[in-house]
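One structure below.
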Amino acid sequence: GDSVTQMEGPVTLSEEAFLTINCTYTATGYPSLFWYVQYPGEGLQLLLKATKADDKGSNKGFEATYRKETTSFHLEKGSVQVSDSAVYFCALASYNTDKLIFGTGTRLQVFP
Amino acid sequence: GAGVSQSPSNKVTEKGKDVELRCDPISGHTALYWYRQRLGQGLEFLIYFQGNSAPDKSGLPSDRFSAERTGESVSTLTIQRTQQEDSAVYLCASSLDGGLNQPQHFGDGTRLSIL
């Protein structure tokens with residue numbers, strides 16, 4: 001079945017460091033892909049999305065490119081801030097099940 | 001309000017009791033979802049309501065779990081005879097029309113602790 005695999009956390013970085021959080025997927029066809037972010041004590045919110053191969057989603061300095069050849073959607077940011085500390089979830093829109101399928105989440109901790 | 005509202009934010013109860021969790025979606029959103037988030041795990045789909053269609057209950061883990069929604073408004077998730085493994089954060093989300101490319105807007109969740 002369709003699935004999403006994320007790198008395990010926590011990812012611990014100093015402020016202004018470069019961030020990559022890996023996400024790969026298994027799916028039939030070409031699903032839309034998403035990154036959601038969950039700040040402490042809050043619900044999830046959509047960070048960015050891409051709906052077809054080679055699309056790049058971007059928001060708040062974060063970017064992710066839909067790579068069909070490697071079935072990946074890695075999240076990147078050039079310079080992280082303490083306020084980026086959160087849990088990041090990769091997700092795909094499964095047309096098999098008509099549902100969003102989420103990864104297990106990756107906790108990011110940024111220290112000043 | 002502008003966002004999805006869930007209540008209570010925290011619930012502690014004894015094993016064997018029934019609990020009821022509430023979700024107020026964004027006004028005008030026809031689709032409503034319930035998820036369970038266990039500690040250190042991803043989101044587990046529970047149930048999906050779309051307009052007046054029959055709900056998709058395929059994610060409910062047992063017959064102790066049920067949910068209702070009145071029209072396109074409030075939804076309640078009920079867990080009967082709670083067990084310790086029911087301890088989790090229960091998240092509600094709504095979207096405009098249930099299309100998979102529509103962003104889901106999440107509430108802050110209800111943290112349920114079963115003693």
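For clarity, every value in this text was computed on a predicted model and none was experimentally measured. Throughout, a chain's letter reflects where its sequence line sits, starting with A, and its residues are numbered from 1.
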- Checking ring-ring contact (aromatic ring centres under 6.0 Å, His included) against A:Y88, which of A:F34, A:F62, A:Y39, A:W35 comes through? A:F62
- Message: Using a 6.0 Å cut-off, check whether atom CD of A:Q109 has over 12 heavy atoms from anything other than its own residue.
- Response: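 Yes, the 6.0 Å shell around CD holds more than 12 heavy atoms from other groups.
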Examine whether an atom of [X] lies under 4.5 Å from a heavy atom of chain A, and if so say whether it belongs to the side chain, the backbone or both; otherwise answer neither.
X	answer
B:Y33	neither
B:S9	neither
B:Q37	side chain
B:L43	both

- Task: Select, from B:Q104, B:Q41, B:H105, the one with the greatest count of heavy-atom pairs under 4.5 Å involving chain A.
- Result: B:Q104
- Task: Report the option among B:L91, B:D56, B:V4, B:V89 that has the most heavy-atom pairs separated by less than 4.5 Å from atoms of chain A.
- Result: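 Most heavy-atom pairs within the cutoff with chain A belong to B:D56.
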- Consider only side-chain N and O atoms of A:N96 and A:S94, and report whether a donor and an acceptor are under 3.5 Å apart. no
- Query: Going by distance alone, is a donor N or O of one side chain under 3.5 Å from an acceptor N or O of the other, for A:T106 and A:Q6?
  - Reply: yes
- Path from A:F102 to A:I21 over hydrophobic side-chain contacts below 4.5 Å: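 Unlinked, A:F102 and A:I21 end up in two clusters.
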Please identify, among [options], the residue contributing the most non-hydrogen atom pairs under 4.5 Å to chain B.
options	answer
A:S32, A:G43, A:P31	A:G43
A:R107, A:E42, A:Q45	A:E42
A:T104, A:L44, A:V4, A:L46	A:L44

- Task: With a 4.5 angstrom heavy-atom cut-off, could you sort out which part of A:E8 is near chain B: side chain, backbone, both or neither?
- Result: neither
- A:K99 versus chain B, heavy atoms under 4.5 Å apart: side chain, backbone, both or neither? both
- Heavy-atom side-chain proximity of B:R36 to B:F65 below 4.5 angstrom: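 Yes, close enough: below the 4.5 Å cut-off.
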- B:G109 versus B:Q6, closest heavy-atom pair with distance: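 Minimum heavy-atom contact is N-OE1, 3.0 Å.
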- Query: Can we say B:R22 and B:D24 salt-bridge, meaning some charged N sits less than 4.0 Å from an Asp/Glu carboxylate O?
  - Reply: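 Between B:D24 and B:R22 there is a salt bridge, with a charged N closer than 4.0 Å to a carboxylate O.
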